[in-house]
S.K.: 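Before I ask anything, here is the structure I am working with.
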Amino acid sequence: MLSIYNTLTGKKEPFHPLQPTTVRMYVCGVTVYDYCHIGHARSALVFDVMRRYLEFTGYQVVFVKNFTDVDDKIIKRANERGVSCDVITAEFIEAYYQDMRKLGIRRATNEPKATEHMAEIIDLVRTLIQKGLAYQVDGDVYFQVEKYQAYGRLSKRKLEDLQAGARVEVDERKRHPMDFALWKSSKPGEPSWPSPWGPGRPGWHIECSAMSMRHLGETFDIHGGGMDLIFPHHENEIAQSCGATGKEFARYWVHNGFVQINQEKMSKSLGNFFTIREIFEKSEWSVEVTREILRYFLLSTQYRGPLDFSDQSLREAKNALNGFYDLFKRLAEPGLGSVETDGETDMEIGFTRESFRMGMDDDLNTPVVLAEFQRLKSEVNKSLSQGLSTEARKSARDEFRSLGNVLGLFQLDKWQFGLIRMDSERRPSAGNAPGFASTLFSDAEVQRKVDERVEAKKTKDFKRADEIRSELKSHGIVIEDKPDGTSRWKR
RNA sequence: GGCGCCGUACCCAAGUGGUUAAGGGAGCAGUCUGCAAAACUGCGAUGCAGCGGUUCGACCCCGCUCGGCGCCUCCA
């Protein structure tokens, strides 16, 4: 039974969807005016894993993730570039898809855009005005927070407290400083849509209410996003949605922690962020390998806690994965017929499967799950040294693959070996970096060298054998000798 | 000023009101090996920021202190 920490109640709660076999979840996507950074990657990954795990346990998941494609920052960026907003949003939606593909984040069931839901948004604003929860001033419409009694229940703030600390200039036309815009009249040159209150555009919060209700219904199961969205964004969504329908909106509110650099939140304003594409560009490794490194790193801490991003943390993820893929390489080699150790391995696999469920059920405790994988790796390695049948090898590999698939790990048939380098000073330039040099030999050429070395070893010509090994090593290829005198190698 | 989070070995990171505080990395010492690599084995917190309190018993519950961070403005 899955338990999820619900921000609304401040507790871990057993998860029961509204409908027995279907989970409906909505996650706040990105505002498309710039490239995504590793913090966006974490959020996307956390909910990707949550969705995969729900499916793994047998649910059907309707997963909606929006694009905010009307926004001040988009307009600003468009003006800077002297192009229309559409150009900006199209560019960064495409960039978003490229980045997510690299990370192996699955596409959502629905990926609505705010600009394509104007009718729903306007309807919702109209309802709120009719119910007396919103008011119109000139061409703007504001939500009146005092009219929604439960305002603050998600972020656990009181209106008075907020008022005391308000640091923003208050618009005099608002009835309460915390009232927020549902509809903004447009200035000349800004994108605008016709509405009962004149031409304008929606506020940020209302679009998520409108789109989630449109695609998931008035009440649905999970609403997710980064910690920073708890207030005001999600608080406001609740006020609008519950205010309009009189029903509960989302039932479980899930928020992921930040990625930090040197213990500080990664953000545009601090300038301490790494974009997803820059990480992939700087990586010495293929997209597939870098993807797993990043996923392993991002899942090495429970999703609610902070996570420090560093060169070292990526190395550690890489090293951990090296160990798994070394094992997989051994498992791919032919084994014996059925042997006694097979039974133990089967048992260990079963045990891991159970631990995996327990770990994931506990609010997606991925660090524990990773530790369980490590334990199984160690057990299988031991069994392997005592001999393991071909069949048992295959079932071990299959188990890693199927459980790992929930986290997006262990999916590769080929792995590479070595270190990742992050800092720009040592960024490999094409041609002379070790990572590129390894491409100078084709697999067949490497195999020929390895075969030659095996022959040299047979004739006790260790000098020649060592020469070959060091030559290959300089090309990023590592040889491991097996007990039977033959060798395996890896890039 | 308000709300909230965090502080576990050299580093990363789980965890529990009560037998030995997961796992990984690094390190050291072994086994194996022509040497290496990998794998395996062993060592490694007498203590879980500090101080009080509750309790038969707390790292885990409560309070305070110190240190770090986040939100209250756009933010994953």
Side-chain angles (χ1 to χ4, degrees), chain A residues 7 10 27-31 33-34 36-47 68 71-73 76 152 155-169 178 204 224-233 235 255-260 262-270 273 296-297 300-302 304-308 310 312-313 315-320 322-323 326-327 329-330 355 359 362 365-375 377-378 380-382 384-386 417 457 460-463 465-466 469-470 473 478-483 485 487-490:
Chain A
T7 307
V27 173
C28 289
V30 293
T31 302
Y33 73 104
D34 207 343
C36 290
H37 56 60
I38 185 78
H40 297 109
R42 185 183 191 191
S43 188
L45 178 60
V46 164
F47 294 103
T68 295
D71 177 85
D72 289 346
K73 289 190 290 291
K76 184 163 174 264
S155 57
K156 282 139 191 81
R157 291 157 210 254
K158 299 188 182 84
L159 271 179
E160 311 86 73
D161 299 340
L162 290 166
Q163 205 169 352
R167 274 183 275 159
V168 258
E169 267 184 60
M178 293 314 297
W204 176 36
M227 289 276 189
D228 45 2
L229 298 183
I230 294 172
F231 191 90
H233 186 53
E235 193 69 63
H255 296 96
N256 66 276
F258 298 126
V259 175
Q260 316 188 124
N262 298 323
Q263 334 277 301
E264 279 185 321
K265 181 184 174 182
M266 182 185 289
S267 71
K268 293 273 162 69
S269 49
L270 287 167
F273 61 90
Y296 194 100
F297 158 68
S300 64
T301 296
Q302 208 270 346
R304 281 188 287 128
L307 172 60
D308 233 67
S310 68
Q312 190 193 329
S313 56
R315 278 169 194 277
E316 289 191 3
K318 179 66 168 71
N319 286 341
N322 282 343
D326 281 344
L327 170 63
K329 198 155 190 77
R330 274 174 233 124
S355 305
D362 183 20
N365 197 336
T366 51
V368 165
V369 167
L370 259 20
E372 284 304 324
F373 286 147
Q374 293 278 6
R375 198 194 52 77
K377 181 192 76 172
S378 187
V380 176
N381 265 323
K382 273 181 250 180
L384 219 38
S385 68
Q386 293 165 42
F417 190 76
K457 275 174 52 181
K460 299 267 190 274
D461 183 359
F462 296 124
K463 186 166 169 290
D466 290 351
R469 183 166 63 196
S470 97
K473 191 181 178 190
V478 177
I479 287 181
E480 284 176 33
D481 291 342
K482 297 195 278 186
S487 305
R488 65 171 76 92
W489 61 273
K490 58 191 174 183

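Computed from heavy atoms alone, side chains included, the values below leave out hydrogens, waters and symmetry copies. Chain naming here is simple, since letters A, B, ... match the order of the sequence lines and numbering starts at 1 in each.
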S.K.: Using the test salt bridge (Lys or Arg N to Asp or Glu O under 4.0 Å), find all partners of D228(A) that sit at least two apart in sequence or belong to another chain.
M.R.: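 Testing D228(A) for salt bridge (Lys or Arg N to Asp or Glu O under 4.0 Å), a comparison that skips the adjacent residues, returns K265(A).
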S.K.: Between G7(B) and C48(B), how far apart are the P atoms? Round to whole Å, please.
M.R.: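 About 13 Å, rounded to a whole number of Å.
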S.K.: Assign each of F47(A) and F231(A) to its nearest nucleotide of RNA chain B by heavy atoms, then name whichever residue's nucleotide is nearer the 5' end.
M.R.: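 Taking each residue's closest nucleotide, the earlier one in sequence belongs to F231(A).
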S.K.: From CZ of R304(A) over to C1' of A76(B), roughly how many Å is that when rounded to an integer?
M.R.: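 Checked: the CZ to C1' distance equals 16 Å.
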S.K.: Rounded to the nearest Å, what distance is computed from the NZ atom of residue K158(A) to the P atom of nucleotide G2(B)?
M.R.: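 Spelled out: NZ on K158(A) to P on G2(B) is 11 Å.
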S.K.: Between protein and nucleic acid, restricted to nucleotides 8-15 of chain B and to nitrogen or oxygen atoms under 3.5 Å apart, what atom pairs and distances do you find?
M.R.:
| unit_1 | atom_1 | unit_2 | atom_2 | d |
| --- | --- | --- | --- | --- |
| C11(B) | O2' | Q312(A) | NE2 | 3.3 |
| A14(B) | OP1 | Q302(A) | N | 2.9 |
| A14(B) | O3' | N365(A) | ND2 | 3.0 |
| G15(B) | OP1 | N365(A) | ND2 | 2.8 |

S.K.: Quick one: look up who A21(B) pairs with, Watson-Crick or G-U, both distances under 3.5 Å, and put none if it's unpaired.
M.R.: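 In the structure as shown, A21(B) has no Watson-Crick or wobble partner.
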S.K.: How far does the C1' atom of C61(B) sit from the matching atom of U54(B), given to the nearest Å?
M.R.: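 That atom pair is separated by 8 Å.
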S.K.: Using the C1' atom in both, what is the distance from U16(B) to C60(B), to the nearest Å?
M.R.: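 My reading of the C1' atoms in U16(B) and C60(B) gives 6 Å.
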S.K.: Would you measure the distance from the C1' atom in A58(B) across to the matching atom in G15(B) and give it in whole Å?
M.R.: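 The answer is 14 Å between these two C1' atoms.
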S.K.: Could you tell me the separation between the CZ atom of F297(A) and the CG atom of L45(A), rounded to the nearest 0.5 Å?
M.R.: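 Between F297(A) CZ and L45(A) CG, I get 11.0 Å after rounding to 0.5 Å.
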S.K.: Above 12 or not: heavy atoms from other molecules or residues under 6.0 Å from NZ of K473(A)?
M.R.: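 Open: at most 12 neighbouring heavy atoms sit under 6.0 Å from NZ of K473(A).
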S.K.: Between C72(B), G34(B), A76(B), which nucleotide has the shortest distance from any of its atoms to the side chain of D228(A)?
M.R.: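 The closest nucleotide is A76(B).
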S.K.: Atom CD of Q260(A) to atom C1' of C6(B): distance rounded to whole Å?
M.R.: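 So the two atoms are 9 Å apart, to the nearest Å.
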S.K.: Does V259(A) reach the side chain of H37(A), with side-chain heavy atoms less than 4.5 Å apart?
M.R.: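 Result no, sub-4.5 Å side-chain heavy-atom pair not found.
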S.K.: What are the two closest heavy atoms between D308(A) and S313(A), and how far apart are they?
M.R.: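 Here D308(A) and S313(A) meet closest at O-OG, 3.8 Å.
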S.K.: According to salt bridge (Lys or Arg N to Asp or Glu O under 4.0 Å), who are the partners of E264(A), at least two apart in sequence or on a separate chain?
M.R.: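 With sequence neighbours excluded, E264(A) shows a salt bridge (Lys or Arg N to Asp or Glu O under 4.0 Å) to no residue whatsoever.
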S.K.: ring-ring contact (aromatic ring centres under 6.0 Å, His included) with H255(A): which residues, sequence neighbours excluded?
M.R.: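 Per chain and number, H255(A) pairs via ring-ring contact (aromatic ring centres under 6.0 Å, His included) with H234(A).
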S.K.: If I take atom CG in residue D466(A) and atom P in nucleotide A37(B), what distance separates them, rounded to the nearest angstrom?
M.R.: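 It is 12 Å, rounded to the nearest whole Å.
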S.K.: Salt-bridged, R469(A) to D466(A), with N to O below 4.0 Å?
M.R.: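 A salt bridge is present here (some side-chain N lies under 4.0 Å from a carboxylate O).
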S.K.: Could you tell me whether the side chains of K377(A) and N381(A) share a donor-acceptor contact shorter than 3.5 Å?
M.R.: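 Side chains of K377(A) and N381(A): no pair found under 3.5 Å.
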S.K.: Would you kindly give the NE2-to-P distance between H37(A) and A76(B), to the nearest whole Å?
M.R.: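 Nearest whole value for this atom pair: 6 Å.
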S.K.: Nearest whole angstrom, please: distance from the C1' of A38(B) to the CH2 of W489(A).
M.R.: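 In whole Å, A38(B) C1' and W489(A) CH2 are 17 Å from each other.
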S.K.: Do any side-chain nitrogens or oxygens of K265(A) fall under 4.0 Å of OP1 or OP2 in C71(B)?
M.R.: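 Affirmative; the distance criterion is met.
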S.K.: Assign each of F462(A) and D71(A) to its nearest nucleotide of RNA chain B by heavy atoms, then name whichever residue's nucleotide is nearer the 5' end.
M.R.: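 Taking each residue's closest nucleotide, the earlier one in sequence belongs to F462(A).
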S.K.: If I take atom CZ from residue F231(A) and atom CE from residue M178(A), how far apart are they, to the nearest 0.5 angstrom?
M.R.: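 Here the interatomic distance stands at 3.5 Å.
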S.K.: Does the structure show a Watson-Crick or G-U wobble partner for C5(B), both distances under 3.5 Å? Name it, or say none.
M.R.: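 Its partner is G68(B) (Watson-Crick or G-U wobble, both distances under 3.5 Å).
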S.K.: In whole angstrom, give me the gap between the P atoms of U55(B) and C62(B).
M.R.: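 Result for the P pair: 16 Å, nearest Å.
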S.K.: Work out which heavy atom in L229(A) is nearest to a heavy atom in C28(A); give both atom names and the distance.
M.R.: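 Looking at all heavy atoms of both residues, the closest pair is CD1-CB, 3.6 Å.
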S.K.: My understanding is that a pair needs two contacts under 3.5 Å, Watson-Crick or G-U wobble. By that rule, which nucleotide pairs with U16(B)?
M.R.: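 Paired with no nucleotide.
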S.K.: Heavy atoms from C-beta onward define the side chain here; which of G34(B), C3(B), A37(B) lies closest to that of A465(A)?
M.R.: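 From the listed options, G34(B) comes nearest.
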S.K.: Applying a 3.5 Å limit to both distances, which nucleotide forms a Watson-Crick or G-U wobble pair with G44(B)?
M.R.: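 Pair assignment: G44(B) / none.
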S.K.: What string of B, S and - do you get for nucleotides 28-33 of chain B 5' to 3' if you count protein non-hydrogen atoms under 4.0 Å?
M.R.: ------
S.K.: Can you identify which nucleotide, out of G34(B), G25(B), G24(B), has its nearest atom closest to the Q374(A) side chain?
M.R.: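 Looking only at heavy atoms from C-beta outward on Q374(A), the closest nucleotide is G24(B).
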S.K.: Whole angstrom is fine here: how far is it from CD1 in I230(A) over to P in C71(B)?
M.R.: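 That distance rounds to 11 Å.
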S.K.: Any side-chain heavy atom of V46(A) within less than 4.5 Å of one from R42(A)?
M.R.: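 With C-beta onward as the side chain, the pair touches.
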S.K.: Please give the nucleotide sitting opposite C51(B) as a Watson-Crick or G-U wobble pair, both distances under 3.5 Å, or none.
M.R.: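 Paired with G63(B).
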S.K.: Quantified in whole Å, what is the C1' atom distance between nucleotide U20(B) and nucleotide G44(B)?
M.R.: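 To the nearest whole Å, 14 Å.
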S.K.: For nucleotides C10(B) and G34(B), find the distance between their C1' atoms and express it as a whole number of Å.
M.R.: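 It comes out at 36 Å once rounded to the nearest Å.
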S.K.: Checking all strands, does I479(A) fall into the base, sugar-phosphate, or nothing category for heavy-atom contacts under 4.0 angstrom?
M.R.: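 Touches a base.
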S.K.: Output one line per pair: protein atom, nucleotide atom from nucleotides 39-44 of chain B, and distance, for all N/O pairs under 3.5 Å.
M.R.:
| unit_1 | atom_1 | unit_2 | atom_2 | d |
| --- | --- | --- | --- | --- |
| A39(B) | O3' | N381(A) | ND2 | 3.2 |
| C40(B) | OP1 | S378(A) | OG | 3.2 |
| U41(B) | OP1 | K382(A) | NZ | 3.0 |

S.K.: Which value, rounded to the nearest 0.5 Å, describes the distance between S155(A) atom OG and H233(A) atom NE2?
M.R.: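 One gets 13.5 Å once the value is rounded to the nearest 0.5 Å.
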S.K.: Using the P atom in both, what is the distance from G52(B) to G47(B), to the nearest Å?
M.R.: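 It comes out at 15 Å once rounded to the nearest Å.
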S.K.: So do V380(A) and R330(A) actually touch side chain to side chain, heavy atoms under 4.5 Å?
M.R.: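 They are not in contact (no side-chain heavy atoms under 4.5 Å apart), so the answer is no.
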S.K.: Expressed as a whole number of angstroms, how long is the span from R469(A):CZ to C35(B):P?
M.R.: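 Interatomic distance, CZ of R469(A) to P of C35(B): 11 Å.
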S.K.: Whom does U31(B) pair with, Watson-Crick or G-U wobble, provided both distances fall under 3.5 Å?
M.R.: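 For U31(B), the partner nucleotide comes out as A39(B), under the 3.5 Å rule.
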S.K.: Within the 4.0 Å heavy-atom criterion, would you say G225(A) contacts the bases, only the backbone, or no part of the nucleic acid?
M.R.: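 Touches sugar-phosphate only.
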S.K.: Counting side-chain heavy atoms from CB outward, which of G25(B), G34(B), U73(B) is closest to M178(A)?
M.R.: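 Among G25(B), G34(B), U73(B), the one nearest the side chain of M178(A) is U73(B).
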